[in-house]
Structure formats: C-alpha cells, structure tokens
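Here the structure comes first, spelled out in structure tokens, and everything after it is commentary.
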2 protein chains.
Amino acid sequence: MNRTAEARMPVQVSVDVVLLTLVEQELHTVLLRRAAAPFAGVWALPGGYIHAEEDADAKASAARVLKTKVGIEGAYLEQLATFSGPARDPRGWSVAIAYCALLPMQNLPPQSVDISVLPVSALPQLPFDHRAILEAALERVRSKSLYSSLPVHLCGETFTLPQLQQVYENILGEPLNKVSFRRKMDEMDWLEAVPGARQSGAAHRPAQLYRVKPAFRQELALSPRGL
Amino acid sequence: MNRTAEARMPVQVSVDVVLLTLVEQELHTVLLRRAAAPFAGVWALPGGYIHAEEDADAKASAARVLKTKVGIEGAYLEQLATFSGPARDPRGWSVAIAYCALLPMQNLPPQSVDISVLPVSALPQLPFDHRAILEAALERVRSKSLYSSLPVHLCGETFTLPQLQQVYENILGEPLNKVSFRRKMDEMDWLEAVPGARQSGAAHRPAQLYRVKPAFRQELALSPRGL
DNA sequence: GCAATAGTGTCTGTGAGACAGTATAAG
DNA sequence: CTTATACTGTCTCACAGACACTATTGC
C-alpha cells in the first residue's frame with residue numbers, strides 16, 4: 001500500500017465562523033467583504049486557513065479569525081460541523097470546519113466598508129456553501145435554545161429576566177409563558193441576582209438584575225425536559 | 001497579504017469512524033489493527049485519509065473506509081465532530097473528521113486477527129485521540145436516543161416492540177416504562193406493523209413484528225418532548 | 001391446567017400554561 | 001391618582017409512569 005500517493009492530492013483546510021448577535025429583536029450575522037479571489041469583493045462569512053504554526057487547534061483558528069479579521073475577542077464559540085467536497089470552493093477539494101459564535105451587540109465592532117451586520121432574514125447571496133453553513137448555525141442555535149442557557153451569550157454582563165426571556169423569544173420566534181420561563185430559570189439554577197441592582201429609569205416597577213453564576217460562564221446549563 | 005504563505009504548512013486531513021453495534025445487550029465498537037506506523041500493530045478506530053480524486057465529500061470517505069477496511073456497506077453514518085491540533089498525531093498538525101456509524105450485529109463481518117469487536121466498557125488503550133472520539137460518539141448516541149429513532153439502526157429489518165425497547169434500554173443503561181414507550185412509538189408514527197408477521201417459537205404470546213416506514217429509512221424521527 | 005411474555009385500560013402525580021392578582025416605579 | 005411593567009399565587013389540563021388486567025403462545 002502506498003500511503004504517500006493517498007495523501008498526495010492536497011486538501012485545503014479552513015475555518016468559517018457564523019458570528020451571530022441580536023439587533024433590534026432580530027438575529028443578525030456579521031459578513032466581511034472578501035479581499036482576494038475567488039469572490040473578491042463579495043460579502044462572505046469570516047474565515048481563513050488554519051495556521052499550523054500558531055493555532056493550538058481549529059477552535060483557536062476560529063478565535064484568531066474573529067480577532068484579526070473582525071476585531072473581537074471573548075465571543076462564545078462552538079464547533080458546528082465540517083463541510084467538504086470538490087465543488088464547494090472553485091480552487092478544488094476543500095474542507096471547512098464551521099464554527100458558531102455568539103456575542104452581545106454592544107461588543108461588536110462598528111460597521112465599515114468591509115464589515116457588515118445584517119439580519120439573517122435578509123442576507124445577500126453568499127459565496128461557497130456559506131448559505132448552508134449559516135442555515136446549520138441557525139438551526140443549531142434555535143434547537144439548543146429550547147433546552148439550554150445558550151442565548152445568554154447574546155446578553156451583556158447583567159440583564160433582567162424579562163430581557164432574557166425576550167432574547168429567547170427572538171431566537172425561537174415564538175412567545176414563551178412567563179411563569180414557566182421563570183420557573184425553569186429558577187430550577188436550572190445558573191443565574192444569581194446581583195444584590196441591590198435593579199433596572200432603573202422606566203416608568204414602572206424596576207426589574208431585578210441577574211448575572212450568570214461563575215461555574216456556568218464557560219459552560220452551558222441544560223434543562224432535562226426542555227424550555 | 002500573503003495567502004500562499006498562510007496555506008503553506010501542510011495539514012493532514014483524515015476521517016475516523018466509530019462503528020457501534022449491540023452484542024449481548026451491550027454497545028460494542030469495531031477496532032482495526034493498524035498496519036503501518038505510527039502505532040503499527042495497535043488497535044485503533046477505522047480511519048484513513050481523504051481521497052480527493054474519488055470521494056464526493058468526507059462522509060463518502062468514511063463510507064469508503066468502512067467498505068474497504070471493515071468490509072461493510074449500508075451502515076447509518078452521521079458526522080460527529082472534527083478533532084484537530086498539533087499533538088493528536090505524532091506526524092504533525094492534523095485534522096480528523098469523526099463519524100459515528102451504527103450497524104446491526106448480524107451485518108458485521110466476522111472477527112479476524114485484524115478486526116475486533118469489543119464492548120465499549122472494556123477497550124484497550126487507543127492511539128491518537130481515539131478515546132476522546134469514542135467518548136464523543138457514545139455521548140451523542142446516548143443523548144440522541146432520548147428523543148429520536150436513532151437506535152433502530154442497531155436493529156435488523158424487522159423487530160418487535162419489546163426488542164426495540166431493549167435496544168433503547170441497553171443504550172441508555174436504564175429501564176423504560178413499557179406503556180410510555182409504546183405510546184411514544186405510536187405517536188411518533190415512524191413504524192408500521194408487518195402484516196401477519198409475528199415472532200414465533202417462544203413459549204408465550206408471540207409479538208407483532210414491525211419495520212420502519214419507508215419515509216424514515218434514511219432520516220431520523222424526532223419526538224418533541226423526549227423519550 | 002401453568003408459565004411466560006405481549007399488549008391494553010385506567011389511575012395518579014408532576015409539571016407546564018393560563019389567569020388573575022399584588023408590587024413598585026414615573027409622572 | 002393613572003399607567004406600565006415586574007413579579008407571584010393558584011387552578012387546570014396534559015402527559016408520563018405505575019399498576020393491574022387480559023391475550024396468546026408452548027408445554
């Protein structure tokens with residue numbers, strides 16, 4: 001057997017990142033204008049080749065892409081799936097390890113001629129198989145929002161329960177029962193009230209501010225029976 | 001910007017397959033004895049490089065590995081996750097696209113000096129990060145068995161409801177309520193009775209044989225509230 | 001008949017959703 | 001005071017699990 005022949009035809013490996021945020025009650029994604037061919041000048045998902053010399057793994061590559069090409073750090077990052085085949089990139093057989101990233105809107109960089117934040121319901125045509133990658137990200141985020149704390153990564157440091165419920169509702173696209181939602185948050189036990197902190201300024205009873213308990217900052221909390 | 005420099009350091013891309021089956025009420029996995037270095041002679045997950053000339057995508061590579069190295073076709077195949085980094089393979093920075101495969105025991109090839117079927121609870125030390133890949137596969141299969149028809153791919157063409165329930169119980173490691181299980185199977189509506197076919201030979205009332213409805217042969221059925 | 005397992009009717013407890021009430025801010 | 005939203009007490013209905021009963025085979 002002839003292993004060198006097997007490995008001879010080169011396969012390009014890149015990472016692509018679906019960076020999602022919530023702007024005015026709707027999921028938005030960040031697109032970059034491609035600098036180089038193919039598809040130069042076209043809006044596309046942030047992505048890039050793996051740098052074997054510096055990246056500890058593909059997730060680190062994705063974090064580096066977000067830092068150097070979008071200018072953000074600290075986003076929640078989760079591997080989505082790997083897309084592959086001879087046709088997805090005109091340069092030949094390629095592999096893209098896709099990641100999903102969540103970030104609160106206020107941590108996003110300002111838009112520019114090369115950085116755009118668009119609602120996922122009204123995106124331009126995307127190059128490669130980026131449309132399929134984006135759909136996979138949306139499905140993943142929506143399905144995990146049914147039974148986990150994932151959506152909290154779209155909120156800031158502190159938030160009120162009504163705000164958090166709105167985030168869930170915006171992702172899921174349907175209203176949730178207030179009493180059930182609060183019961184679930186209570187029994188999942190991953191939030192703590194910020195002592196003495198209340199939302200102020202509104203012409204009604206102020207809401208208690210909450211934050212994620214330290215043990216759950218890097219990890220999702222799961223609810224066994226959903227919601 | 002210097003894209004050719006970015007892509008210069010080569011990254012090896014392979015697929016690894018966790019092939020699971022049920023033998024005597026316990027999940028087993030298929031290991032192959034490695035022919036070549038590194039880890040020559042060691043039991044490892046079936047795997048191999050992507051053949052860009054012939055594979056339509058990474059899933060096709062995984063199917064080809066199963067066919068050529070294990071001798072099976074038609075297994076249920078699902079992408080698991082992609083493992084990467086400089087340390088997982090001594091030959092250097094590498095990417096492994098991991099797949100999970102399910103097959104009924106009777107479709108497995110006979111064991112040989114190079115093919116082994118072992119219970120997942122008593123495996124030898126595995127090379128590379130194959131232990132982590134296997135754990136990911138087990139977690140995926142167990143978690144999907146809580147709300148989908150996934151376990152049916154461990155059954156043969158036809159099966160009785162008591163047999164199917166046993167498969168679920170063996171995967172999950174806990175007994176299930178008989179009435180609830182049958183209610184769920186009924187409302188998920190992905191099984192059909194084989195007319196007139198009943199299990200025979202046992203010294204008790206024979207059970208009705210079922211098969212998967214054609215629409216669900218290639219696709220999982222999901223239950224919104226689990227079980 | 002008995003033993004053994006298949007399959008079903010029905011009760012009960014848990015838990016999610018609905019509703020309506022109280023609480024607390026601004027003006 | 002009114003208005004608006006935060007928060008909570010409680011009822012109800014749906015559904016999962018438990019139990020018990022009937023059904024059908026081999027011996």
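Lettering follows sequence order; numbering is per chain, from 1.
- With hydrogens and angles left out, the side-chain atoms of A/Ser121 and A/Glu26 include a donor and acceptor closer than 3.5 Å.
- Looking at B/Lys178, its side chain comes within 3.5 Å of the base of C/dG7 through a donor and an acceptor atom.
- At the phosphate of D/dC15, neither OP1 nor OP2 sits under 4.0 Å from any side-chain N or O atom of B/Arg183.
- Residue A/Gln166 contributes atom CD, which lies 14 Å from atom C1' of D/dA6 at whole-angstrom precision.
- For A/Pro206, the side-chain atoms get nearest to C/dA25 when compared with the rest of D/dT25, D/dC7, C/dA25.
- The side chain of B/His204 lies closest to D/dT25, out of D/dA6, D/dT25, C/dG7.
- Note: CD (B/Gln199) to P (D/dG26) measures 12 Å, nearest angstrom.
- Spacing between atom CD of A/Gln165 and atom P of D/dC7 amounts to 11 Å, rounded to whole angstrom units.
- Look at CZ on A/Phe181: it is 19 Å from P on C/dG15, rounded to the nearest Å.
- Annotation: of the two residues near DNA chain D, B/Lys184 and B/Val179, the 5′-most nearest-nucleotide partner is B/Lys184.
- Taking atom CD of residue A/Gln163 and atom P of nucleotide D/dC7, one finds them 10 Å apart after rounding to whole Å.
- Between A/Glu73 and A/Lys67 there is a salt bridge, since a side-chain N of the basic residue sits under 4.0 Å from a carboxylate O of the acidic one.
- The shortest distance between the side-chain N/O atoms of A/Arg182 and the OP1/OP2 oxygens of D/dC7 is below 4.0 Å.
- Across the interface with DNA chain D, nearest-nucleotide mapping of B/Ala202 and B/Arg225 shows B/Arg225 to be the residue nearer the 5′ end.
- Comparing D/dC7, C/dA16, C/dA18 by their closest approach to the side chain of A/Asn177 singles out C/dA18.
- Judged by atom type and distance alone, A/Arg205 does not reach the base of C/dA25 through any side-chain donor-acceptor pair under 3.5 Å.
- Between the side chains of A/Arg88 and A/Ser94, a donor-acceptor pair is found at a separation under 3.5 Å.
- Counting only heavy atoms from C-beta on, B/Ala203 has its side chain closest to D/dG26 among C/dT24, D/dG26, C/dA26.
- For A/Glu174 and C/dA16, the CD to P distance is 15 Å, given to the nearest whole Å.
- In summary, the side chains of B/Glu78 and B/Tyr76 do present a donor paired with an acceptor at a separation below 3.5 Å, with no hydrogens or angles considered.
- Whole-Å rounding puts the B/Met185 CE to C/dT8 P distance at 15 Å.
- Checked for salt-bridge contact, A/Glu187 and A/Arg183 miss the test: no charged N lies under 4.0 Å from a carboxylate O.
- Atom CG of B/Asp186 and atom P of D/dA16 are 12 Å apart (whole Å).
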